[in-house]
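Before any comments, here is the structure.
Note that ligands are numbered from 1 as they come in the structure, with each ligand's atoms numbered from 1 the same way. Given the structure is predicted, the values throughout are model-derived calculations rather than measurements.
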Amino acid sequence: MKLIRQGLPAILLGFAGAAPSPAAPPRPTLVVAISVDQLSADLFAQYRSSFRGGFARLATGVVFPSAYHAHAATETCPGHATLLTGMFPAHSGIIGNDWYDLDAPRADKRIYCVEDERAPGSSSRRYSVSLAHLRVPVLGDRMKQADPATRVYAVAGKDRGATTMGGHQADQSWWWRDGGFVSYAGRASHGVVDGVNAKLPQDIPSAALRSRVTLDEATLDVAAGFVERDGLGRGKATDLLAVSLSVTDYVGHSHGTGGPEMRDQLVALDAALGRFFERLDATGVTYAVMLSADHGGHDTPERDRERGIPEAARIAPDLNVAALNAALGGARIMGTIGSDLYFPDKTLIPAARDWLLRQPQVAAVFDAATLAATPIPKSAPPESWSLAERAAASFDPERSGDLMVLLKPHVIPLAKPPLTTHGSPWDYDRRVPLLFWWRGIDGFEQPGSILTVDIAPTIAGLIGLKVAPDAMDGRCRDLLPGPESSCP
Ligand code: ZN
């Protein structure tokens, strides 16, 4: 009986002619690009089965559980700059959250990735925000170039998230700072932002708010408000809304990823994303969502040691730039061990390299000439890249250090428990989930690895934006499971 019932539709279809091929998706009029700061592929896998809200909806779409930030310096600014430019940090110019310019005409030689160095009195700590360091266009810039009617909006918990995803010509770009959402100097206020700022809880200190899901909820409140009030997705051209949610990162840094704090954050964020999508549904706009992360992360070394990773450790107390400078007789090297080192006196580079290679926690030391000569293996699976290749994808000849120092796996360059951090060339920091969803999507899961530089060309394909084949480091990935293709 059961068999007959199951057989019937096929017979009927047979009489009606060939089975209809699934329709290509209606072209979205709004692209919603979301970054969840520090959402590693490992965390997504760990909590995937318990999601009921926004993450669960996205998981019914196209799922790439192993997307790679292929570069070595897995920090927030380079990661966000990679997501929508389709370019490695080596080409976007955003090689880290900070770098050093020994020739900078100021006492503070450290440069923040989205500071405006030209502003009088700017330093890496007190700066006005600018995207001047980003050397390439962002997806929104390309969309506007193709059709000036396109609107590009961005909102984030961090300035480096909103600016690098929104791009050079974003109509609206807002980030949270000291108690409210702010924008570039001189920008007019926006009613949606004013409304959300007025609703922010006044009883939570500013510094504490950023570690609570409240900040992610406020960020999503601004984003949904933009769609509702300004009619994103209802104009003459495809619009782009970029959102970066920062709280997962703050929770990870403060508590690690393996405890109840991260569980509570992801459960709350899943629910908040669900409510956000319901608000977008209510507008009736045909939207497509991309969600990924700027980098991965991992647990504290203390808890990792108790959970099967005996080599997990904090950096040795005598492995730091001060100790290196002392060992070289009072040198003035700047930077960080675990990242780039800058030498005012280049003659000290060989001795410094010898000292570094004697340290048991150091995995590799590369000089600038080596990285400049190392090709980035775009077409090789990112999990197979050598350390030099990962470092080369983070190398900019003008901004990178004289030496790049990489620590061994599970060595955390922070001394104080329970603090932890990302930024390493190891896969727990490189690997992030990548999800695409739109209403009616014929979803599938592709376990093979993909590069995060593929995101921008993939979205371009989905919305019919023409991009020259060599204009980005990544390539378009087909999001339609049948013979049709979402790529040109
Ligand atoms: Zn980050």
Inset, instruction - Compute both the distance and the angle, then confirm whether Arg177 meets the cation-pi test with Tyr127: under 6.0 Å from the six-membered ring centre, within 45 degrees of the axis. - result: yes
Inset, instruction - Check whether NZ of the Lys or CZ of the Arg Lys158 lies under 6.0 Å from the centre of the six-membered ring of Tyr250 and within 45 degrees of that ring's axis. - result: yes
Legend entry - CG on Asp427 to OH on Tyr68, rounded to 0.5 Å: 4.0 Å
Inset, instruction - Return each pair, listed once, that meets side-chain hydrogen bond (donor to acceptor under 3.5 Å, both in side chains) where at least one residue sits in residues 43-55; pairs must be two or more places apart or across chains. - result: Arg48-Glu445
Inset, instruction - Output, by chain and residue number, all protein N/O/S atoms separated from the Zn ion (ligand 1) by less than 2.8 Å. - result: Asp37 OD1, Thr76 OG1, Asp294 OD2, His295 NE2
Inset, instruction - Under the ring-ring contact (aromatic ring centres under 6.0 Å, His included) rule, collect the residues that match up with His295, sequence neighbours excluded. - result: His422
Legend entry - For Asp318, all residues meeting salt bridge (charged side-chain N to carboxylate O under 4.0 Å, His left out), sequence neighbours excluded: none
